[in-house]
Amino acid sequence: MSDKALLEGGPKDLPQRIVPVPPPGNDVKIEWLNGYEHFRATPRQAETDEGRLPVYEWWERTELPS
């Protein structure tokens, strides 16, 4: 099993698309532009420059308090 995941969707200018895999059952949460981008695991995998990785798909954004 890979220790990295590929992120799909969300902001086009997100700086990283390959990130560490969270513990099982957890989403990937990326802090970005005064909020968090949330990605959920999918059953899919994708070939990348770093090998075959699980795909996490964007599903929501939460804003940080002002």
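Start at 1 with the first residue, then count along the sequence.
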Nearest non-hydrogen partners of [X] and [Y], listed with the distance:
| X | Y | value |
| --- | --- | --- |
| P20 | V28 | O-CG2, 4.5 Å |
| G9 | F39 | O-CE2, 3.8 Å |
| L53 | K4 | CD2-O, 3.7 Å |

Joint cluster assignment, [X] & [Y], ILVMFWY side-chain distance < 4.5 Å:
| X | Y | result |
| --- | --- | --- |
| L7 | L33 | yes |
| Y56 | W58 | yes |
| V21 | V55 | no |

Option from R40, R17, R44 for which salt bridge (charged side-chain N to carboxylate O under 4.0 Å, His left out) with E8 holds: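 It is R44, the one option of R40, R17, R44 that forms the salt bridge (charged side-chain N to carboxylate O under 4.0 Å, His left out) with E8.
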Heavy-atom side-chain proximity of L64 to Y36 below 4.5 angstrom: yes
Within this structure, what is the [atom1]-[atom2] distance for the pair [X] and [Y], rounded to the nearest 0.5 Å?
| X | Y | atom1 | atom2 | result |
| --- | --- | --- | --- | --- |
| E57 | T42 | CD | OG1 | 6.0 Å |
| R52 | L6 | CZ | CG | 11.5 Å |
| L14 | I30 | CG | CD1 | 6.0 Å |

R61 side chain vs W32 backbone, donor-acceptor pair below 3.5 Å: yes
